[in-house]
Every structure is written in structure tokens, then in C-alpha cells.
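What follows is a single structure, written as C-alpha cells, with notes after it.
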Amino acid sequence: MVFFDVEERLARLSGLGDQLEAFSRTVDFEVFRPDLELALAYSDGSKGGRPPFDPVLMFKILVIQTLNNLSDERTEYLINDRLLFMRFLGLGLSDRVPDAKTVWLFRERLTQAGAIERLFDRFDATLRNAGYLPMSGQILDATLVAAPKQRNTNAEKADLRAGRIPEDWQDKPAKMSHKDRHARWTLKFTKAKRQDDGSMPATDLAIPFFGYKSHVSIDRKFRFIRKWKTTDAAASDGARLREGLLDKTNTASSVWADTAYRSKANEDFMDKEGFVSKVHRKKPHLKPMSRHIQRSNAGKSVIRSRVEHVFADQKSQTGLFIRTVGITRATMRIGLANIVYNMRRFLFLERLNASA
């Protein structure tokens, strides 16, 4: 394929709508360079050896991977195969492409350096500089994120819940490396569906679920993720509110959340920190809920439901799933998903403003 054929093909793809090209136009990926270089701590090359790939290029590969829910091997293949991926990365047909091992090592170095929080904050600063300040209060919620199921015995499960390493694993490093000691089982409740005869079951469905939980706080006005946290799937939603999930820089003090966040400890905490609780009230035990509380909860739901769009976007558009082992890597995966969601949201709002 000659040069002009490639350019013509890329121009045609641009006309059809290339999301990665829009990313390149809208997001300044160079803002991530200082944090990437600090986390990677590459040598100056004076000792020789093959120079590493550019860290910004490698970070953009993680963005591609997150957007498309790709394994490292599939990422390597598609970068070599797709012109759009090459253009986004600034690679030519004859340029060297990072292999799957290089992608894994890059992500692992960032993970072990705990860089994802700094990278998230760096892009949040970009959003603020672009005028997207946290406004109109904030909305909290959490969603379950699946991980590969572990086949453990009851005794092994008991050891893990107690924070112990099962005795049979301790002298088997290969087995240990494949065992996720941080993910947990929980029950996922879903609304029961109407039966064929038109009746509704008395109880909702409880489905066993294994993995992690992504906790977020979004600003009400722009719906960007501003604060986030990763826990195992069995962790309580409500307790996370007091663990740095509230954004004190929001221009309004109101906090919306569902009944999982309603507790005296949380209400006292928000009152002390200057927040105004708009958390749903729970139904009294064995008593009907009063009409005015029903109306109040319904009004709060209109606003609170906006956070559901965040999780729906992450799961439907990027197929959020934990492929790795351990909460440190799960935090990296969820953090990348949160950055990419904010990038997609930024792109949408910038297009909206340009057409206004």
C-alpha cells in the first residue's frame, strides 16, 4: 500500500467518525508525561540497552486497551492491524510496535508505583482548567465489577476472609500468583420479573457475584467522576462515604445517594464537614413508608439516577471487567476506566459546546 493510499484510507475513516482521532484533537496527552516519567523512573540511557518506548505512547496504548476491553495479546495484534490505532499512536507502517509483554510491564510499573491516582488527578486538573469545575452538588454510588471466579475450598475461603494465606498455598508461588486473595463473593440483588401468569414474586432475585466494587462520586452538573475508590465486592457502600469519597471542592454542598449510604454515622459526618444530605430515607421496619417521604425519595431519584449513566457507559462501551489478580491491579484497571470515561465525557461536552 503506497503512502497516498494510506492517507486516502485514513481520510475516509475520519469522515466516518474516528473516536480516537477526536481524542487526539481534544485531549492533550502530554499533560500526563511528568507523572508517567516520575512513576517509571527510567534511566538516562547512559548504560546502553534498547531505549524504552515513549511513555505517552504507552499510556495511549492503555487508553486503547481500556476503550476496547482488550487483552495485552489482542492489543499488540490490533495495533499492528488497524490504521486508526497506528494513527492515534503516531506510528508508521514500518515503526516498531510494543509487544504484549512490553504493554504488561509498562502497566505493571505504573501499578506498583501507585501512579493511577496521580494520573486521574492530572486529567481532573485539565477538566477544571477547561472550565468544568465541580458544581451543583455531587452524587455517590457503587457498582460491582466482575473478576475471574476462584475455585477455592471452604477452608481456603475461611482463611482468606480472616486475612490469612491458606497453608497449602504458602510453598507454591506459582499457585499463589494465580489466586486472587482480595476479590470477594457477595450477593447481587435484581428486581424480580413478572411471571407468565402476571403475578410478581414476593422477593427480588439474589445472584452470587465475585469480584470488586467501584465507588464513585460525580458532580451533578457535568457528571464527571471526581472521587473514586476500589474495594472488594463485599465491602459496604455506606462506609466509603467517610473514606475520602466526598469532594470538598464542589461549589454546592448537597450530596445525593441511595439508602445504602443512610446511617447516623454518615449523617453526622456530612453535617460536621458542611455537606447537606440528600440521601434516600429507608422504609421503616414493618411499617409503611409515609407519603411525604415517598415523594421526597422520588424527587431525589430524579437527580441520583444520573450516576447510573456513568456505570452503564463503562460497562456497555468499554466492557469493564477485571482480568488481573489482586486489588492493586484491580484499582489500576478501574482507575483507567474512570479516566477514559472522563475523556469520553469531556469529548461529548466539547462537541456540545462547539455546536451551541
Side-chain angles (χ1 to χ4, degrees), residues 134-145 184-209 213-229 231-315:
M135 303 173 89
S136 304
Q138 57 196 298
I139 309 168
L140 273 61
D141 205 354
T143 190
L144 295 168
V145 183
R184 291 289 183 271
W185 284 98
T186 189
L187 290 176
K188 181 179 181 180
F189 293 94
T190 60
K191 292 294 182 182
K193 295 181 179 179
R194 190 175 297 278
Q195 301 297 301
D196 293 338
D197 61 3
S199 63
M200 287 293 292
T203 58
D204 292 335
L205 301 176
I207 303 171
F209 185 95
K213 191 176 284 187
S214 170
H215 308 260
V216 303
S217 171
I218 70 168
D219 68 90
R220 178 187 172 190
K221 182 174 177 62
F222 298 116
R223 305 186 198 181
F224 287 116
I225 297 171
R226 301 294 182 169
K227 297 287 183 179
W228 62 282
K229 189 177 183 70
T231 66
D232 65 76
S236 162
D237 293 359
R240 309 287 83 77
L241 181 144
R242 307 188 301 276
E243 297 178 355
L245 204 58
L246 291 175
D247 182 11
K248 295 183 179 180
T249 68
N250 198 292
T251 59
S253 56
S254 296
V255 176
W256 284 267
D258 63 27
T259 55
Y261 296 85
R262 170 68 68 168
S263 69
K264 186 178 186 306
N266 282 350
E267 296 299 305
D268 291 345
F269 178 83
M270 285 188 282
D271 184 60
K272 180 181 177 181
E273 296 294 323
F275 294 102
V276 176
S277 174
K278 301 287 186 180
V279 179
H280 283 224
R281 292 189 177 276
K282 299 178 181 178
K283 178 183 176 297
H285 184 58
L286 299 178
K287 295 181 181 179
M289 182 177 284
S290 64
R291 186 66 61 84
H292 79 277
I293 292 180
Q294 289 183 29
R295 287 197 298 266
S296 175
N297 279 352
K300 293 171 182 175
S301 291
V302 173
I303 295 172
R304 195 203 65 79
S305 63
R306 296 177 184 180
V307 73
E308 301 293 346
H309 298 288
V310 177
F311 298 138
D313 182 271
Q314 289 184 321
K315 292 185 177 182

Could you point out which residue of Val310, Val216, Asp219, Ile218 forms a side chain to side chain contact (heavy atoms under 4.5 Å, CB included) with Phe224?
-> Asp219
Would you say the side chain of [Y] lies within less than 4.5 Å of the side chain of [X], judging by non-hydrogen atoms?
X	Y	answer
Arg220	Gln138	no
Ser254	Trp256	yes
Trp228	Ser217	no
Arg242	Asn266	yes
Val145	Gln314	no
His215	Thr231	yes
Arg262	His280	no
Val255	Met270	yes

Salt bridge present between Asp268 and Lys264 (N-O < 4.0 angstrom) = yes
Under the side chain to side chain donor-acceptor pair (under 3.5 Å) test, residues paired with Lys227 that sit two or more places apart | none
Please list, chain by chain and in numerical order, all residues satisfying side chain to side chain donor-acceptor pair (under 3.5 Å) with Arg240, sequence neighbours excluded.
-> Glu243
From OG (Ser305) to CD1 (Ile139), nearest 0.5 Å = 7.5 Å
Nearest 0.5 Å please: distance from the OG atom of Ser253 over to the CD atom of Glu273.
-> 12.5 Å
Working for side chain to side chain contact (heavy atoms under 4.5 Å, CB included), residues Asp237 and Lys213 | CA-CA 9 Å; Asp237 293 359; Lys213 191 176 284 187; 2.8 Å; yes
Neighbour count above 12 (heavy atom, 6.0 Å) for [X] [atom1]:
X	atom1	value
Lys282	NZ	yes
Lys221	NZ	no
Lys283	NZ	yes

Pairing residues for Thr249 by the side-chain contact (heavy atoms from CB on, under 4.5 Å) criterion, not counting sequence neighbours | Arg128, Pro134, Asp247
Name all residues meeting the side-chain contact (heavy atoms from CB on, under 4.5 Å) criterion together with Ala252; count only those two or more places apart in sequence or in a different chain, and write none if there are none.
-> Asn250
From Gln294, His292, Lys287, residue fulfilling side chain to side chain donor-acceptor pair (under 3.5 Å) relative to Ser290 = His292
Salt bridge (charged side-chain N to carboxylate O under 4.0 Å, His left out) contacts in which one or both residues fall within residues 290-314, not counting sequence neighbours | Asp141-Arg304, Arg304-Glu308, Asp313-Arg344
Before giving the answer on side chain to side chain contact (heavy atoms under 4.5 Å, CB included), spell out for Leu140 and Leu241 the whole-Å C-alpha distance, their side-chain angles and the decisive distance to 0.1 Å.
-> CA-CA 8 Å; Leu140 273 61; Leu241 181 144; 3.8 Å; yes
Cut-off 3.5 Å, side chains only: do Lys229 and Ser214 have a donor facing an acceptor?
-> no
List for me each residue that meets ring pair (Phe, Tyr, Trp, His ring centres under 6.0 Å) alongside Phe275, sequence neighbours excluded, and say none if there are none.
-> none
